[in-house]
Amino acid sequence: MNRIAPDLVAELKVKEERKAGLPELPLAKDEKVVMRFAPNPNGAATLGSARGIIVNSEYARMYGGKFILRFDDTDPLLKRPMLEAYDWYLEDCAWLDAEPDEVVVASERMDLYYEYAEALIKRGAAYVCFCPADVFKTYKEQKIPCPHRTVGDVENIESWKNMLKGVYEEKEAVLRIKTDMASEDPALRDWVAFRILKREHPRVGKKYVAWPTLDFESAIEDHLLGITHIIRGKDLLKSEKRQRFLYDHLGWKYPITMLWGKIKMQEFGKFSTSELRKRIERGEYEGWDDPRLPTLKALRRRGFLPETIRKFFISIGVTQTDIAVSMKNLYAENRKAVDALASRYFFVRNPKELKLKDGQSFVAKALKHPSRKEYRVIRTGNTVYISGDDFAKLNAGQRIRLKFLCDVDIESIEPLVAKVVETPAKDVPIIQWAPSEGIKVVVKKPDGIDKGIGEPLIASELGNVVQFERYGFVRIDSVLEKEVVAYFTH
RNA sequence: GCUCCGGUAGUGUAGCUCGGCCAAUCAUUUCGGCCUUUCGAGCCGAGGACUCGGGUUCAAAUCCCGACCGGAGCACCA
């Protein structure tokens, strides 16, 4: 086969490789791929942001191109940026192994946008419009130009300068891009490029009053940065159509665009950054890294591996359907990676004291990991703790095994007393336990808090992901003198 | 209402450009079994989908038409 048709063999191989990663990008010849992820830093990055970060950076990597992180932070009113969030994005990118080759902050490049705005006005491609929004809407619906559309450029420039100087109040004037007032699609008729917002911007303060809309700012930036491929939400489909008018006015070539549908995590339902922010400020959550939240900060704190999240989003790819994926998929992926690393420990939730008759003190030698010959030593007096869940299923006369310690026969339930058995039997239910001198453990989970007791060595695992046997994986978040706080992974 | 986009198992996803090798890939979930001094781990196995109708064709998940269902935009939000 190889001899007869080497090309065919090569082609087949390519096809197989493709399955593993992202689909190929449509490419112009000799083109250097430049991708961007352009969030508004009005909160911490969520799983949705992770998709953008990962897919864009992965494409850049696939083609030896460039990945740009651009902060589209030009709305100081409705989507007001958060000063801390800029750095958070940088941290999250680094964590996801997606460090940007370049970082651009739109609010620091306002003068650039003003230049292009002026150039467009001079070309007769944009005009200052004084129509109140509802008045313009009726013009738009009737497909007729508003009176300001035909004003000469000298007067237009003057109005524009006044806009910049703050002569007008909010909503008094906007700069519109000329498109086609007769366009079939009302969304495309003379859209707004700048509006007046006399608000303080967390980064540049009150320096500017005329702010570009996303459509304008991102159109200019995408060209200036040499973006070759844009992936954006399909709700922004119209954006492209609007921006194309601008590109035509300026004689620019529009990047290739791909659209993707909304992604929703079944467990979290709908969440918007603004909504999260409100709730956090209201104190409903402990912060942006509260384990109940779908933020990257929270997932990191819970001990998710960045590779897991990368693989997850690469496997989902770029499709236009709206999807609702379950965290279970992410858990399954993460479990594979984490299982090999995590040391095992005992933790019992809602502990119940079990008295061992005839016992003085015991020493258990327990495996740290089933596939490694490392041990942890657990000492206990003649009482141990078992979990409330196991206790609820216990009957007098039953034999159980305290893992790595001994087999016991339950003699009575109330009080809970057991007799140590010398010869171990087969097919005995095996449960975990905690020693009499155990340490208090609090586990913060997405769906609540568990309290219990664990073996003291847990305190030595600060920052690590470990497995609490028969419970789940957790990351040891903080170690206090008498208490350990763990975040539940899955 | 107008404009547009999409529909492959419970959930994601591959295949669609260029029809045949598709009785449709992979993962996850579910179910069954096995193993083990843990498990929500591991191993083995099973189940489960081309929205519907018509057309083109020797041949349709793939091309065409229609219906249905779902989603989006029509903002001085991103």
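Given the structure is predicted, the values throughout are model-derived calculations rather than measurements. Each chain gets a letter, A, B and so on, in the order its sequence line appears, and its residues count up from 1.
- Counting any heavy atom pair closer than 4.0 Å across all strands shown, A/R335 reaches sugar-phosphate atoms only and no base atom.
- Using N1 to N3 plus N6-O4 or O6-N4 for Watson-Crick, or N1-O2 and O6-N3 for G-U wobble, each under 3.5 Å, B/A59 pairs with nothing.
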Please tabulate, for side-chain N and O atoms in residues 190-199 of chain A, each donor-acceptor pair with protein atoms closer than 3.5 Å (sequence neighbours left out).
{"unit_1": "A/D190", "atom_1": "OD1", "unit_2": "A/R149", "atom_2": "NH2", "d": "3.1"}
{"unit_1": "A/D190", "atom_1": "OD1", "unit_2": "A/T179", "atom_2": "N", "d": "2.8"}
{"unit_1": "A/D190", "atom_1": "OD1", "unit_2": "A/T179", "atom_2": "OG1", "d": "3.3"}
{"unit_1": "A/D190", "atom_1": "OD2", "unit_2": "A/Y127", "atom_2": "OH", "d": "2.6"}
{"unit_1": "A/D190", "atom_1": "OD2", "unit_2": "A/R149", "atom_2": "NE", "d": "2.7"}
{"unit_1": "A/W191", "atom_1": "NE1", "unit_2": "A/R242", "atom_2": "O", "d": "3.1"}
{"unit_1": "A/R195", "atom_1": "NH1", "unit_2": "A/W211", "atom_2": "O", "d": "3.3"}
{"unit_1": "A/R195", "atom_1": "NH1", "unit_2": "A/P212", "atom_2": "O", "d": "2.7"}
{"unit_1": "A/K198", "atom_1": "NZ", "unit_2": "A/G166", "atom_2": "O", "d": "2.9"}
{"unit_1": "A/K198", "atom_1": "NZ", "unit_2": "A/Y168", "atom_2": "O", "d": "3.0"}
{"unit_1": "A/K198", "atom_1": "NZ", "unit_2": "A/E169", "atom_2": "OE2", "d": "3.1"}
{"unit_1": "A/R199", "atom_1": "NE", "unit_2": "A/E170", "atom_2": "OE2", "d": "2.8"}
{"unit_1": "A/R199", "atom_1": "NH2", "unit_2": "A/E170", "atom_2": "OE1", "d": "2.9"}
{"unit_1": "A/R199", "atom_1": "NH2", "unit_2": "A/E170", "atom_2": "OE2", "d": "3.4"}

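- The side chain of A/T319 places an N or O atom within less than 4.0 Å of a non-bridging phosphate oxygen (OP1 or OP2) of B/U13.
- Regarding A/K311, its NZ atom lies at a distance of 18 Å from the P atom of B/A14, rounded to whole Å.
- When the C1' atom is used for both B/C44 and B/G7, the distance is 35 Å, rounded to whole Å.
- Spacing of P atoms, B/U56 relative to B/A75, comes out at 45 Å, to the nearest Å.
- Look at B/C16: it lacks any Watson-Crick or wobble partner with both distances under 3.5 angstrom.
- B/C58 sits 15 Å from B/G19 when the P atoms are compared, rounded to a whole Å.
- Of the C1' atoms belonging to B/A23 and B/A49, the separation is 13 Å, rounded to the nearest Å.
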Item checked: Letter per nucleotide, 5' to 3', of nucleotides 31-39 of chain B [B base touched, S only sugar-phosphate touched, - untouched; heavy atoms, 4.0 Å] -> ------BBB

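- The interatomic distance linking A/D450 (CG) with B/G40 (C1') rounds to 14 Å, in whole Å.
- A 4.5 Å side-chain heavy-atom check between A/R344 and A/V466 finds every atom pair outside the cut-off.
- Separating the C1' atom of B/C22 from that of B/G15 is a span of 8 Å, rounded to the nearest Å.
- B/A23: no Watson-Crick or G-U partner with both key distances under 3.5 Å is found in any strand.
- Between A/K403 and A/Q432 there is no side-chain heavy-atom pair separated by less than 4.5 Å.
- Nucleic acid contact for A/K336: sugar-phosphate only, since backbone atoms but no base atoms lie under 4.0 Å from a heavy atom of the residue.
- Contacts of A/D235 classified as side chain to side chain contact (heavy atoms under 4.5 Å, CB included), with partners at least two apart in sequence or in another chain: none.
- Neither OP1 nor OP2 of B/U11 sits under 4.0 Å from any side-chain N or O of A/K328.
- Under the 4.5 Å side-chain criterion, counting only non-hydrogen atoms from C-beta, A/S49 is not in contact with A/P39.
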Checklist line | Per-nucleotide protein contact string for nucleotides 73-78 of chain B, where B marks a base within reach and S marks sugar-phosphate only (heavy atoms under 4.0 Å, - for neither) | finding: BSSBBB

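- With sequence neighbours excluded, no residue forms a side-chain hydrogen bond (donor to acceptor under 3.5 Å, both in side chains) with A/H201.
- Between B/U29 and B/C74, the two C1' atoms lie 40 Å apart (nearest whole Å).
- Protein atom CD of A/E267 is 12 Å distant from nucleotide atom P of B/U29, rounded to whole Å.
- Distance CD1 (A/I263) to C1' (B/U11): 12 Å, rounded to an integer number of Å.
- If you take CD of A/Q320 and P of B/G70, they are 19 Å apart, rounded to a whole angstrom.
- Using the Watson-Crick or G-U wobble rule with both distances under 3.5 Å, B/U30 pairs with B/A46.
- Considering only heavy atoms from C-beta on, A/F313 stays 4.5 Å or farther from A/L96 through its side chain.
- B/U29 atom P lies 12 Å from atom NE2 of A/H490, rounded to whole Å.
- The pairing partner recorded for B/G66 is B/C52, the criterion being a Watson-Crick or G-U wobble arrangement whose two distances lie under 3.5 angstrom.
- Nucleotide B/G7 holds its P atom 13 Å from the CG atom of A/L259, rounded to whole Å.
- Counting non-hydrogen atoms of neighbouring residues, nucleotides and ligands closer than 6.0 angstrom, the CZ atom of A/R379 reaches no more than 12 such neighbours.
- Each of A/F347, A/F473, A/Y471, A/Y331 was scored for a ring-ring contact (aromatic ring centres under 6.0 Å, His included) with A/F488, with one residue passing: A/Y471.
- For A/K137, the side chain to side chain contact (heavy atoms under 4.5 Å, CB included) test picks out A/E141, with sequence neighbours left out.
- For the pair A/R349 and A/F468, the cation-pi test (distance below 6.0 Å, angle within 45°) is failed.
- In this structure, the side chain of A/D339 does not engage the main chain of A/R335 through any donor-acceptor pair within 3.5 Å.
- B/A14 and B/A61 have their C1' atoms separated by 12 Å, given to the nearest Å.
- Among the protein residues, A/A324 comes within range of the sugar-phosphate backbone only, with heavy atoms under 4.0 Å from sugar or phosphate atoms but none that close to a base.
- The side chain of A/N329 approaches B/A27 more closely than any other nucleotide in the set B/C5, B/A27, B/A72.
- Summarising the geometry, the separation between CD on A/Q266 and P on B/U28 is reported as 16 Å, rounded to the nearest angstrom.
- Nucleotide B/C4: paired with B/G71 (Watson-Crick or G-U wobble, both distances less than 3.5 Å).
- Comparing B/U30 with B/G48, their C1' atoms are spaced 9 Å from each other, to the whole Å.
- If you check B/U37 for Watson-Crick or wobble pairing at under 3.5 angstrom, you find it has no partner at all.
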